[in-house]
Amino acid sequence: MLATVLFDLDGTLLDHEGAAGEAIVRSFPDADAGWLVRRWMELTEEAVDRYLAGDLDFTAQRRSRIVRLARELGLGTWGDARADAWLSEYVALYEAAWRPFPDVRAALDVLAGRGLRLGVITNGDAAQQRAKVEGLGLADLLPYVVASSEAGSAKPAAGIFRTACAGLGVPPGEAAYVGDRLVTDARGAAAAGLRGIWLDRSGDPPPDLEVTRITSLTALPGLLG
């Protein structure tokens, strides 16, 4: 019997790439927008991976992104003070661009209406990730948030999924987890004993999978019966 449905945040509920892309283009309006967005996403991925591995703290991983990008844009080598000043402006632009995907609210409303307990398991800084849930207007539907900075492990490790289930008092077998990354989210959850569901918004033909795949959250209520 399914009791709980848990969700990834960035890329699943929040259009993170859309918000980050909008913010970085507004920050450097004279740069080539296509290259700029791609490069910013690459630098972000690298920095976040180092943060999750414990190589950088939250502030250092943020600084590392803009220091490298500024150098590549020919703006010289930025020190911490200049990087922090820029980051303050960028974060404000990024937060102003936070939007849920169009299929999010309706799907959550249906699941909550069935009496299912809903929540979030996310890699990242707990304060920022909870602020995102609040900023999206979803805190009423997603009151339970487990972030890697507090859980002591990060997806796809089984520990963070099991920590979340234990906090809710729900066995992993009674929980489903939905995320946009096949390995980090769906396979990670399945390995921890939850029902892993891959949200693949690309619409590409599906590969052979051992987990369930959906292309929109609109399909989730029907999938879960």
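Throughout, numbering of the chain's residues begins at 1 and tracks the sequence. This structure is a prediction, so every number in the text was calculated from the model and none was measured.
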message: More than 12 heavy atoms of other residues, nucleotides or ligands under 6.0 Å from CZ of Arg26: yes or no?
response: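 No, CZ of Arg26 has 12 or fewer neighbouring heavy atoms, counting only those of other groups under 6.0 Å.
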field: Within 6.0 Å of CD in Glu17, more than 12 heavy atoms from elsewhere
entry: no
field: Leu168: hydrophobic cluster co-members (side-chain, 4.5 Å)
entry: Leu6, Ile121, Tyr144, Val146, Ile160, Phe161, Val170, Tyr177, Leu194
Taking the side chain as C-beta and beyond, is there a heavy-atom pair between [X] and [Y] under 4.5 Å?
X	Y	result
Thr4	Leu118	no
Arg187	Glu210	yes
Leu93	Ser27	yes
Arg62	Leu56	no
Tyr51	Ser149	yes
Arg114	Pro221	yes
Thr77	Arg71	yes
Asp109	Leu141	yes

Considering all heavy atoms of both residues, which atom of [X] and which atom of [Y] are nearest to each other, and what is their separation?
X	Y	answer
Ala186	Ile197	CB-C, 3.9 Å
Ala126	Ala147	CA-CB, 3.6 Å
Arg162	Ala191	NH2-O, 3.8 Å
Pro172	Cys165	CA-SG, 3.9 Å

query: Using the benzene-type ring in the case of Trp, are the ring centres of Trp40 and Tyr90 under 6.0 Å apart?
result: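 Centroid separation for Trp40 and Tyr90: below 6.0 Å.
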In terms of hydrophobic clustering (I, L, V, M, F, W, Y; side-chain heavy atoms under 4.5 Å; direct or indirect links), are [X] and [Y] co-clustered?
X	Y	result
Leu36	Trp78	yes
Val104	Val145	yes
Val110	Phe101	no
Leu223	Leu108	yes
Trp198	Leu2	no

Is a donor on one side and an acceptor on the other found under 3.5 Å between the side chain of [X] and the backbone of [Y]?
X	Y	value
Arg105	Gly137	yes
Asn123	Ala154	no
Arg39	Leu69	no
Asp103	Leu217	yes
Ser148	Gly124	yes

query: Where do Arg195 and Val211 land on the side-chain contact (heavy atoms from CB on, under 4.5 Å) test, with the steps shown first?
result: CA-CA 8 Å; Arg195 180 176 181 183; Val211 296; over 6 Å; no
Hey, is [X] close enough to [Y] for a salt bridge, meaning N to O under 4.0 Å?
X	Y	value
Glu95	Lys132	no
Arg201	Asp180	no
Asp200	Arg213	yes
Glu72	Arg65	no
Arg63	Asp84	yes

To the nearest 0.5 Å, what is the distance between [atom1] ([X]) and [atom2] ([Y])?
X	Y	atom1	atom2	answer
Met41	Glu45	CE	CD	10.0 Å
Thr44	Ile24	OG1	CD1	7.5 Å
Phe7	Leu14	CZ	CG	14.5 Å
Asp185	Asp8	CG	CG	4.0 Å
Leu13	Arg99	CG	CZ	15.5 Å
Arg82	Leu87	CZ	CG	12.0 Å

query: Are side-chain N/O atoms of Gln61 and Asp55 paired as donor and acceptor at under 3.5 Å?
result: no
message: Could you go through Phe58 and Val48, starting from their C-alpha distance and side-chain angles, then the distance that decides it, and tell me whether this counts as side-chain contact (heavy atoms from CB on, under 4.5 Å)?
response: CA-CA 8 Å; Phe58 185 67; Val48 170; over 6 Å; no
task: Given side-chain contact (heavy atoms from CB on, under 4.5 Å), test Trp86 with Val91 step by step and report yes or no.
output: CA-CA 9 Å; Trp86 180 89; Val91 169; over 6 Å; no
field: All ring-ring contact (aromatic ring centres under 6.0 Å, His included) counterparts of Tyr94, not counting sequence neighbours
entry: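 By the ring-ring contact (aromatic ring centres under 6.0 Å, His included) rule, Tyr94 matches His16, Trp98.
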